[in-house]
Amino acid sequence: MTISSRYRSCSDRKSLSLPRFHSKETPLKPNGSLAITQHRGLSLKTNVFEQTHPVAGDLSYDDTCANVAEDKIGVLLLNLGGPETLNDVQPFLYNLFADPDIIRLPRPFQFLQGTIAKFISVVRAPKSKEGYAAIGGGSPLRKITDEQADAIQMALQAKNVSANVYVGMRYWFPFTEEAVQQIKKDKITRLVVLPLYPQYSISTTGSSVRVLQDLFRKDPYLARVPVAIIESWYQRRGYVNSMADLIEKELQNFSDPKEVMVFFSAHGVPVSYVENSGDPYQKQMEECIDLIMEELKSRGVQNNHILAYQSRVGPVQWLKPYTDEVLVDLGKNGVKSLLAVPVSFVSEHIETLEEIDMEYRELALESGIENWGRVPALGLTPSFITDLADAVIESLPSAEAMVNPSAGGVSEDSESSDAFSYIMKMFFGSVLAFLLLLSPKMFHAFRNHLI
Ligand SMILES: C=CC1=C(C)c2cc3[nH]c(cc4nc(cc5[nH]c(cc1n2)c(C)c5CCC(=O)O)C(CCC(=O)O)=C4C)c(C)c3C=C
Ligand SMILES: [Fe+2]
C-alpha cells in the first residue's frame, strides 16, 4: 500500500488484475533509490511539457494495460494548507496545534489537546499575522497547489492516463475530508496518494496519511478502494535533477559562481521526533542533499554546501544546526556569497517568502555576507511535474485496499465511552484554559517561548 523508494511491477501482484507497463521492472539501486533511467526503452509519447523541455521521466501508460479502461483513477495531492486572509491565521494555527502529530502529548494528557491548541494559537497569531501580512496578507499555498494539480493532470493525460487530481490540505481549505468526499462522489476506483513533501516526516506526510486512514476506515466504499501511497520521493531522478537545474541556473547570477556557498535550508522538526519516534526525516533530508550535490558534481559544479534547519517553534530542541546560527557563523568566517536553497517543500510559502527572503537575508547581510541569492521553489517546473506524473503511474499497480475488510466497525460501547471522554475533556479543558488564560505569569512565560 505504501511506496517508498520501491517499485513493484504488475506481475508481482497476481491476485489483482492490474494495469501493465511496457517495461522491464525498474531495478532498485543498492541504496534503495529508483533507477528511473531504466525506463528509456519505453514507448515515448511527447507531451506539452516535453515539447518545450526535455525531461527525465519517459514513462507512458500502455493502452493495452489490463483493466485500465475500467478503473476510474484518482490522484490525491496532500499538502499543509495555509491561511488565505489574516482572519484565517488564528483558526489555521488552531488546526495545526490541535494535530496530535504536531503537539505530541503523553496519553493521559491528550484530552487537553484542544485547550492547549487554542492557547498557543491565540498567543502565536500576532507574530504569524505579521509574517502573512508581509507576504501580501495570506498564504499562496492553495493557488500554487491547485496549479500543480492541474499540471499533474495534464502531464498524466499526455502519458495516456486519465485521472482526476484532487487537493487535500491538512489544516485549511480544501481540507482532506472535503477531497475524500469528492473522491467518493466521483466514484474513483483506484487512488494514488501523493504528499507534496519530498521527504517523509511524522509531522507532515505521517499526519495527513493518518487522517486519510481514519476516513477510509470509517467508510465501507472507501475501505475497498485500492490505494497507493507514495510516502517520499526525494530520491527520484526527476526531482534531484530538477533541483540541480535550479541551483545551477541560480549560481550563474553570481559574479564568481564557484565561490558561492550552497546553503540548503530545511524546515526543522523537534529532535524527539527523530530520536524517540523514529522519524526518518533527518536521514532522508541528508540523503536528499547528497543526491543533489552528487548530481551537481557530475555536471562539474563543485561548490561547498551546508544543510541547516529553520522555522523552529516553542521551547523544545529542534534539529540542528539552526539556519539563523549558521548564517551568522558563515558571515563571521568570511563567506561572502551564499545561495539559499529551500529543500523541504515544493511551493513558495511563508517560510520562503518571509523567513528566508526577508529575515534570513537581512541577518546574512548584517553578518558579513555580501552576495545573496535564493533558489525558487520547484512549483510548476516542467521536469518536476512530469516526474511526479511518472511517480503516480509507477505506483498504480501496487494500490491495495487501505482497510482490512475483517476489521469491525464502531461498537456501542466505544460510542458511549467517546461521549464520556468528551465530557471529561470539556470539563478539564475549560478548567485549564481558565487557569492559563487568567494567569498573566503563565501567559507571558508561554508567549516568550512561542514568538
Ligand atoms: C516539510 C515541511 C514541514 C515540516 C516538517 C513542518 C513541521 C512543523 N511545523 C510546525 C509549525 C508551523 N508550521 C507552519 C507553517 C508551515 N509549515 C510548513 C511545512 C512544514 N512544517 C509549511 C509549508 C508552512 C507554511 C504554510 C503557509 O501558509 O505558507 C506554521 C505557521 C506559520 C508560522 O506561524 O510560522 C507553524 C506554527 C511544527 C510545530 C512542526 C513540527 C512538529
Ligand atoms: Fe511547519
Side-chain angles (χ1 to χ4, degrees), residues 77-86 88-105 113 116-117 119-145 148 169-173 195-208 231-234 264-274 276-277 279-285 288 309-319 323 342-360 377-379 449-451:
L77 305 183
L78 296 177
N79 211 340
L80 189 122
E84 285 167 66
T85 67
L86 295 184
D88 297 340
V89 171
Q90 187 272 323
F92 159 78
L93 289 175
Y94 172 84
N95 291 341
L96 188 132
F97 291 118
D99 177 356
D101 289 311
I102 288 283
I103 296 217
R104 316 180 80 213
L105 298 171
Q113 189 93 37
I116 291 173
F119 180 72
I120 301 179
S121 63
V122 168
V123 175
R124 186 166 174 95
K127 186 189 182 221
S128 285
K129 275 188 187 176
E130 268 176 36
Y132 284 107
I135 63 165
S139 170
L141 258 188
R142 183 177 190 163
K143 181 172 173 285
I144 299 171
T145 313
Q148 287 172 324
M169 301 292 196
R170 180 68 183 85
Y171 306 119
W172 206 246
F173 299 97
L196 287 177
Y197 309 97
Q199 306 83 10
Y200 180 96
S201 167
I202 294 167
S203 61
T204 53
T205 298
S207 168
S208 279
E231 282 194 339
S232 62
W233 37 271
Y234 65 91
F264 292 96
S265 189
H267 197 304
V269 295
V271 170
S272 62
Y273 281 55
V274 176
N276 307 338
S277 309
D279 197 336
Y281 181 73
Q282 182 180 24
K283 190 168 170 283
Q284 294 193 358
M285 191 60 72
C288 174
Y309 294 92
Q310 66 176 84
S311 318
R312 60 187 189 275
V313 184
V316 299
Q317 228 195 77
W318 284 53
L319 291 182
T323 294
V343 71
S344 45
F345 207 60
V346 294
S347 326
E348 297 298 346
H349 62 292
I350 190 168
E351 277 135 15
T352 54
L353 301 169
E354 197 271 335
E355 205 171 1
I356 297 185
D357 289 355
M358 298 179 194
E359 290 181 40
Y360 293 146
L378 283 165
H449 279 301
L450 283 172
I451 61 174

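All values below were derived from every heavy atom in this structure, side-chain atoms included, with hydrogens, water molecules and symmetry-related copies excluded. Whatever order the structure lists them in is the order used to number ligands and atoms, beginning at 1. Predicted model, so just to flag it, every value in this text is computed and none were measured.
Residue Tyr273 places no N or O, backbone or side chain, under 3.5 Å from any N or O of ligand 1. Not a single N or O atom of Tyr281, backbone or side chain, sits closer than 3.5 Å to an N or O atom of ligand 1. Polar contact with ligand 1: present for Ile350 (N/O pair, distance under 3.5 Å).
One distance of note links CE of Met285 with OG of Ser232; it measures 11.0 Å at 0.5 Å rounding. Rounded to the nearest 0.5 Å, atoms CD (Gln282) and OH (Tyr273) are 14.5 Å apart. Rounding to the nearest 0.5 angstrom, the gap separating the CG atom in Asp99 from the CZ atom in Arg170 is 4.0 Å. Taking OG1 of Thr352 as the start and OH of Tyr360 as the end, the distance is 12.0 Å to the nearest 0.5 Å. Atom CD1 of residue Ile350 and atom OH of residue Tyr132 lie 4.5 Å apart, to the nearest 0.5 angstrom. Rounding to the nearest 0.5 Å places CZ of Arg124 at 13.0 Å from CD of Gln90.
Distances shorter than 2.8 Å separate the Fe ion (ligand 2) from the protein N/O/S atoms His267 NE2.
Aromatic pair Tyr200/Tyr281: centroids not less than 6.0 angstrom apart.
When all heavy atoms of Ile102 and Leu96 are compared, the pair lying nearest together is CB-O, 3.4 Å. Closest heavy-atom contact between Trp233 and Val346: CH2-CG1, 3.7 Å. Minimum heavy-atom separation, Pro342 to Ile356: CB-CD1, 4.1 Å. Across every non-hydrogen atom of Val89 and Ser128, the tightest pair is CG1-CB, 3.6 Å. Heavy-atom minimum distance, Met169 versus Thr145: CE-OG1, 3.6 Å.
Relative ring orientation between Phe92 and Tyr171 is described as perpendicular, the plane-to-plane angle rising above 60° on a 0-90° scale split at 30° and 60°.
Judged by distance alone, the side chains of Glu351 and Gln310 never bring a donor and an acceptor atom under 3.5 Å apart. Defined by atom type and a distance below 3.5 Å, a donor-acceptor pair is present between the side-chain atoms of Ser277 and Arg104.
Taking atom 4 (C) of ligand 1 as the reference point, the nearest protein heavy-atom neighbour is Thr204 CG2, 3.4 Å. Nearest protein heavy-atom neighbour of atom 7 (C) of ligand 1: His267 CE1, 3.4 Å. Protein heavy atom at the shortest distance from atom 28 (O) of ligand 1 is Tyr132 OH, 2.6 Å. Among protein heavy atoms, the minimum distance from atom 35 (O) of ligand 1 is reached at Arg124 NH2, 2.9 Å.
Residue Leu96 touches ligand 1 through its side chain alone, judged by heavy-atom distances below 4.0 Å. At a 4.0 Å heavy-atom cut-off, ligand 1 does not touch Ser347 at all. At a heavy-atom cutoff of 4.0 Å, ligand 1 is contacted by the side chain of Ser203 but not by its backbone. When non-hydrogen atoms are compared, ligand 1 lies under 4.0 Å from the side chain of Glu351 (C-beta onward) but not from its backbone. Contacts between Gln199 and ligand 1 below 4.0 angstrom, taking non-hydrogen atoms only, are absent altogether. Looking at Trp318 against ligand 1, only its side chain comes within 4.0 Å, counting heavy atoms.
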Chi angles and distances behind the side chain to side chain contact (heavy atoms under 4.5 Å, CB included) call for Asn79, Tyr197: CA-CA 8 Å; Asn79 211 340; Tyr197 309 97; 3.9 Å; yes

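Using a 4.0 Å cut-off to heavy atoms of Phe345, the atoms of ligand 1 that qualify are 23 (C). For ligand 1 and His349, the ligand atoms under 4.0 Å from any heavy atom of the residue are 22 (C), 23 (C), 24 (C), 25 (C), 29 (O). Remark: ligand 1 atoms within the under-4.0 Å shell around heavy atoms of Pro270 are 41 (C), 42 (C). Every atom of ligand 1 is numbered from 1 in the order shown, and the set under 4.0 Å from a heavy atom of Val269 is 5 (C). Residue contact check: Ser128 has heavy atoms under 4.0 Å from atoms 33 (C), 34 (O) of ligand 1. In the vicinity of Pro83, heavy-atom distances shorter than 4.0 Å reach the ligand 1 atoms 28 (O). Within the listing of ligand 1, atoms 1 (C) sit less than 4.0 angstrom from a heavy atom of Ser344. Taking every heavy atom of Ser139 and a limit of under 4.0 angstrom, the matching atoms of ligand 1 come to 27 (C), 28 (O), 29 (O).
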